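Notes to accompany the following structure.
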Amino acid sequence: TGCGKTQLVEWYAAKTGRPYMRIAHTESFDKVEIFGQCQITSGDTNFELGVLPRTFDKAYMVLGDEITRTPAGPLMTYGTLLDRRELILPEMKDAGIEPLKPVEGWSFVAADNTKGNGDGMDKYIASNVQDSAFLNRFDIVHDMDYLSTSAETAMLEGMGMTAANAAKLASVSSLLHKGN
């Protein structure tokens, strides 16, 4: 928590000139809002796009933040998207609606406080253990830690803070991280 996972993805999207969207996986996660749903209008079945497939027309970088908090059903939908690069929901299949595919360059990145294998300390109680089939869909895994005290001091000095104040703030920050 607080080591910069979300900001790293935002920075990378900005550096590569790509649009960015964050999907927060919280207790209020809404599958319909994220993926979409079938609607029947005047006897015709159509698919109303959720926020995720609305990104498919550009080379978005989509962040699935706190991915281990995702309920099982939506997690399987993400798995298909990562495997086949297509979004298909059971109701789409039943209605004869073709899978939705993102453009070339579109990517899905996940960030979390665990590595998908739960948390033995109950520190991140809402984290779910992920099966290796889901975890193996990610080509790159980057473990992040907090900046060292010296790196944080240098960063703060680079932002215009005096050396003495930067050292004090970095020292307090280090103590806070240890207590995390």
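For clarity, every value in this text was computed on a predicted model and none was experimentally measured.
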Side chain proximity check, [X] to [Y], heavy atoms < 4.5 angstrom:
X	Y	result
Phe35	Leu100	no
Arg84	Pro99	no
Val103	Tyr60	no
Val9	Asp65	no
Ile34	Pro74	no
Val109	Tyr20	no

* Asked: Are Leu52 and Val32 connected, step by step, through hydrophobic side chains (Ile, Leu, Val, Met, Phe, Trp, Tyr) whose heavy atoms are closer than 4.5 Å?
  -> no
* Asked: Is there a path from Ile67 to Met76 through hydrophobic residues (I, L, V, M, F, W, Y) whose side chains come within less than 4.5 Å of each other?
  -> no
Would you say [X]'s side chain and [Y]'s backbone share a donor-acceptor pair under 3.5 angstrom?
X	Y	answer
Arg22	Leu63	no
Thr153	Thr149	yes
Thr16	Tyr12	yes

Between [atom1] on residue [X] and [atom2] on residue [Y], distance to nearest 0.5 Å:
X	Y	atom1	atom2	value
Leu75	His25	CG	NE2	8.0 Å
Leu49	Asp57	CG	CG	9.5 Å
Leu89	Gln37	CG	CD	10.0 Å
Gln39	Phe47	CD	CZ	9.5 Å
Thr162	Lys168	OG1	NZ	7.5 Å
Ser174	Leu169	OG	CG	11.0 Å

* Using a cut-off of 6.0 Å, state whether more than 12 heavy atoms not belonging to Lys101 lie near its atom NZ. => no
Of the non-hydrogen atoms in [X] and [Y], which two are nearest, and what is the gap between them?
X	Y	result
Gly36	Glu91	O-OE2, 4.5 Å
Pro19	Ala59	CD-O, 3.9 Å
Ala170	Leu156	N-CD1, 4.2 Å
Glu157	Ala166	CG-CB, 3.7 Å

